Number of protein chains: 2
Amino acid sequence: MSKSVTVHDIAKLANVSSATVSRVLSNSDYPVSEKLRTRILKIAEEVNYVPNLLGKQLKKNSTMTIGIIIPSIINPFYSSVVFGVEEVARQEGFTVFACNSLQDPELEDEYIQTMMEMQVKGVIVSSITTNKEKLKRLIEMNMNVIAIDQKLDEEGISQIEFDHHKGGFLAAKYLQGKGHTRIGYVTTKLNRPSRKGICRGYMDAMKEAGLEPFVEEYRSDEPFNPIFEFETGRELARRMMGGDRPPTAIFACNDLLAFGVIHELRVRGLQVPSDVSVMGFDGIDVGQMIHPPLTTIKQPDYEMGKMACRMLVDMTMGKDKPMFNVTLQPKLLERHSVRDLNG
Amino acid sequence: MSKSVTVHDIAKLANVSSATVSRVLSNSDYPVSEKLRTRILKIAEEVNYVPNLLGKQLKKNSTMTIGIIIPSIINPFYSSVVFGVEEVARQEGFTVFACNSLQDPELEDEYIQTMMEMQVKGVIVSSITTNKEKLKRLIEMNMNVIAIDQKLDEEGISQIEFDHHKGGFLAAKYLQGKGHTRIGYVTTKLNRPSRKGICRGYMDAMKEAGLEPFVEEYRSDEPFNPIFEFETGRELARRMMGGDRPPTAIFACNDLLAFGVIHELRVRGLQVPSDVSVMGFDGIDVGQMIHPPLTTIKQPDYEMGKMACRMLVDMTMGKDKPMFNVTLQPKLLERHSVRDLNG
DNA sequence: TTGTACGCGTTATCAG
DNA sequence: CTGATAACGCGTACAA
């Protein structure tokens with residue numbers, strides 16, 4: 001990098017003090033004569049002045065950066081969240097630093113550390129770590145933190161939750177309403193609050209209807225990857241259909257898994273929804289592009305990102321740090337992967 | 001944020017100079033007695049010392065940050081690219097700052113400006129701006145820049161290209177090889193080098209075979225959004241099948257478009273591939289999850305990201321800035337959306 | 001081995 | 001209105 005030009009350089013060229021230059025170039029409201037202002041602006045333009053944010057931020061002891069930690073950006077759900085975050089961050093003049101924890105607690109902690117060192121104004125985190133040491137530390141240091149997606153039991157942290165339980169309940173009830181009684185639930189490892197929530201919702205709905213729950217859980221928890229989820233869906237469908245009392249409807253803990261289920265059913269010569277019905281969870285865009293379009297539970301990803309960022313920005317603005325606890329509600333996206341057994 | 005503790009604070013607590021503290025806490029190889037070292041480390045631990053990167057970077061006049069500009073992170077293709085970039089960045093101790101240009105030239109320029117101010121070490125850019133003023137400026141300032149995906153005609157810029165032309169050619173040839181003669185090409189607006197490249201490849205293959213090309217272009221260029229692409233695919237398929245000589249195979253400029261094409265065909269009661277064959281372009285993961293699994297041209301997104309980052313890191317390391325111009329080759333992913341008319 | 005002192009680029013304070 | 005100067009937190013010559 002060629003030596004960059006500073007306010008001092010410009011000051012010399014304009015025969016003024018660097019203070020004046022700074023006042024002009026940082027759009028301070030401090031009065032500077034029009035003559036000087038235009039002269040300085042002109043010179044800055046000529047020499048291609050680029051302000052050094054590091055100096056500025058160090059001086060002001062404040063950045064306009066927020067961090068976000070998600071499991072993986074290649075998960076369409078999370079990329080929508082990040083997209084939403086960036087959207088409002090940009091409007092508010094913030095810059096966002098996004099990190100993939102890859103479901104690795106160590107990596108998650110590392111990134112939190114990096115963010116602290118970067119002096120970010122706040123962090124949005126979808127944490128999968130069970131040991132929240134680092135996260136607690138963050139909050140202790142009075143950092144603005146918002147947890148999304150994964151519920152945290154820590155004190156003093158604002159959260160945007162999603163009612164996974166209700167989502168699972170809703171799905172099971174919907175299937176029951178369509179006349180299904182033998183309803184299976186396939187899920188990735190039940191090691192996260194969100195996943196447990198959906199599962200319990202499903203169980204409760206089944207119990208309430210006096211139906212026998214039927215759950216298949218994939219027990220290993222590999223690094224996230226859409227294809228892996230898809231394959232997991234296939235595997236779980238295989239298990240579920242292999243038994244002596246196969247279900248008439250399969251509910252999956254996420255859409256990608258549901259894609260795998262549908263694929264596997266087709267491979268086995270079964271039609272969806274005429275032979276077996278399938279429901280997903282999340283409501284990612286591609287769900288409506290496949291065949292049949294997937295009936296699913298919508299989790300407002302993009303809106304969640306926007307809301308999280310908005311809340312974070314508000315927190316950084318206000319002197320006091322009000323605690324919020326928003327709970328977003330599930331919505332059923334009725335498409336064409338479920339058959340009505342009543343009619 | 002509570003007042004953060006600095007090397008000076010620790011120096012006072014340990015009754016040593018801040019220089020010594022700095023030497024210890026920054027893992028300098030400068031000799032410090034074991035006794036002092038452990039004492040300082042202990043105190044730093046106790047007071048929750050967090051180094052301030054701004055001070056450090058300002059002093060060293062160098063960051064470990066690289067920037068990447070893409071049209072949109074919710075495009076699965078780009079999220080894979082970014083994922084690849086982050087992967088090697090992390091290994092190399094770099095931090096990445098990702099921005100969505102939303103296909104807006106002004107926004108792209110704004111982000112380039114921000115990156116310069118942030119003192120990033122290098123920039124990876126998939127630029128859609130036609131006026132490359134800002135980008136040229138970047139290069140003039142001796143910044144490390146790598147263009148990906150979209151070919152730039154500027155001088156002095158390293159690029160990772162993809163042979164779109166060959167990809168388009170390959171696809172058309174493949175369809176011809178399967179006995180198709182009436183092959184349509186549907187594409188979003190032909191305003192980018194990449195899109196033009198694919199189209200020309202298709203045209204050349206058709207000409208070579210003495211076949212009449214049949215292109216439908218969607219002329220408006222809306223902000224990127226998977227659903228929008230899908231709908232565009234539907235619209236284009238509608239037009240294409242509405243004519244008096246509908247094609248037996250439709251080749252789409254990207255996979256999402258192809259999804260839309262397939263959907264529309266199904267709505268019209270046409271089976272893929274038995275009635276009409278469909279090919280996509282990009283090779284995003286979901287292509288194998290739909291029905292029928294999409295035959296497509298693979299553009300190595302993740303690998304492209306990794307390679308770009310690796311090159312950038314190498315550039316920042318070496319004193320000299322060697323110019324690279326890698327051209328990645330297309331690969332045909334043969335799945336089940338194309339019917340063989342020969343057999 | 002440790003300490004002193006300066007400077008990185010910027011802005012804020014205070015004096016003129 | 002303008003200028004000199006200190007300070008943000010850190011690393012590092014240079015001196016001790």
Side-chain angles (χ1 to χ4, degrees), chain A residues 1-41 43-44 47-65 114 116-121 141, chain B residues 1-41 43-44 47-65 114 116-121 141:
Chain A
M1 227 62 48
S2 51
K3 196 88 199 66
S4 56
V5 6
T6 73
V7 281
H8 300 294
D9 302 326
I10 297 181
K12 284 211 186 80
L13 290 171
N15 277 319
V16 295
S17 77
S18 57
T20 307
V21 174
S22 169
R23 296 199 258 255
V24 171
L25 296 180
S26 61
N27 290 315
S28 158
D29 48 5
Y30 202 93
V32 175
S33 72
E34 227 19 72
K35 205 184 298 189
L36 260 190
R37 158 164 279 114
T38 51
R39 182 146 60 97
I40 290 171
L41 250 20
I43 295 180
V47 297
N48 272 335
Y49 171 70
V50 175
N52 186 328
L53 261 188
L54 295 157
K56 197 178 291 210
Q57 293 175 337
L58 177 57
K59 174 64 189 175
K60 299 197 143 181
N61 193 24
S62 152
T63 67
M64 287 292 268
T65 307
T114 303
M116 297 200 296
E117 299 188 1
M118 288 174 95
Q119 313 294 113
V120 298
K121 279 299 240 197
M141 301 188 77
Chain B
M1 226 64 46
S2 52
K3 197 86 201 68
S4 57
V5 6
T6 74
V7 281
H8 300 294
D9 301 327
I10 296 181
K12 285 210 188 81
L13 290 171
N15 277 321
V16 295
S17 77
S18 57
T20 308
V21 176
S22 168
R23 297 198 258 256
V24 171
L25 296 181
S26 61
N27 289 316
S28 157
D29 47 6
Y30 202 93
V32 175
S33 73
E34 222 26 67
K35 205 183 297 188
L36 261 191
R37 156 165 278 114
T38 50
R39 182 146 59 97
I40 290 171
L41 283 172
I43 295 180
V47 297
N48 272 336
Y49 172 70
V50 175
N52 185 329
L53 260 188
L54 281 76
K56 198 178 291 207
Q57 293 174 337
L58 178 58
K59 175 66 190 173
K60 299 198 141 182
N61 193 23
S62 150
T63 67
M64 287 293 266
T65 306
T114 303
M116 297 200 296
E117 299 187 1
M118 287 175 95
Q119 314 295 111
V120 300
K121 279 300 238 195
M141 301 190 78

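Predicted model only: the values in this text are computed from it and were never measured.
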If I take atom CG in residue A:Asp29 and atom P in nucleotide D:dT2, what distance separates them, rounded to the nearest angstrom?
15 Å
Base, sugar-phosphate or nothing for A:Ser33? Non-hydrogen atoms, less than 4.0 Å.
sugar-phosphate
Mind checking whether B:Asn52 and B:Lys56 have side chains closer than 4.5 Å, heavy atoms only?
no
When the distance from CD1 of A:Ile10 to P of C:dT10 is rounded to whole Å, what number comes out?
8 Å
Take atom NZ of A:Lys56 and atom P of C:dT10, then tell me their distance rounded to the nearest Å.
8 Å
Note, A:Asp9 side chain near A:Val47 side chain (heavy atom, < 4.5 Å)
no
Whole angstroms only, please: what is the CD-P distance between B:Gln57 and D:dG9?
15 Å
Whole angstrom is fine here: how far is it from CG in A:Leu54 over to C1' in C:dC8?
10 Å
Side-chain contact check for B:Ser22: nearest option of D:dT12, D:dT5, C:dT10 is D:dT12
Treating A:Ser22 as the side-chain partner and A:Ser18 as the backbone partner, does any N or O pair qualify as donor plus acceptor under 3.5 Å?
no
Figure out the CZ/C1' separation between A:Arg23 and C:dG9, and round it to whole Å.
16 Å
Rounded interatomic separation in angstrom, taking NZ from A:Lys60 and P from C:dG9:
18 Å
Note: for B:Pro31 and B:Ser18 on DNA chain C, the residue whose nearest nucleotide lies more 5' is B:Pro31
Looking only at side-chain N and O atoms, does A:Ser17 come under 4.0 Å of OP1 or OP2 in D:dG3?
yes
Applying a 4.0 Å non-hydrogen cut-off, can you work out what B:Thr6 is touching in the nucleic acid: base, sugar-phosphate, or nothing?
sugar-phosphate
Select base, sugar-phosphate, or nothing to describe what B:Asn61 touches, counting heavy atoms under 4.0 Å on all strands.
nothing
Measure the distance from CG on A:Leu58 to C1' on C:dG9 and round it to the nearest whole Å.
9 Å
Can you find a side chain N or O atom of A:Tyr30 that sits less than 4.0 Å from OP1 or OP2 on C:dC14?
no
Side chain of A:Ser26 only, heavy atoms from C-beta on: which candidate in C:dT1, C:dT11, D:dC8 is closest?
C:dT11
Report yes if some heavy atom in the side chain of A:Tyr49 is under 4.5 Å from a heavy atom in the side chain of A:Val7; otherwise report no.
yes
Tell me what B:Leu36 touches on the nucleic acid: a base, only sugar-phosphate, or nothing, going by heavy atoms under 4.0 Å.
sugar-phosphate
For the pair A:Thr63 (side chain) and A:Gln119 (backbone), establish whether a donor and an acceptor sit closer than 3.5 Å, ignoring hydrogens and angles.
yes
From the list C:dT4, D:dG9, D:dA4, which nucleotide is the closest neighbour of the side chain of B:Asn52?
D:dG9
Of the nucleotides D:dC8, C:dT4, C:dT2, which one has an atom closest to the side chain of B:Val32?
C:dT2
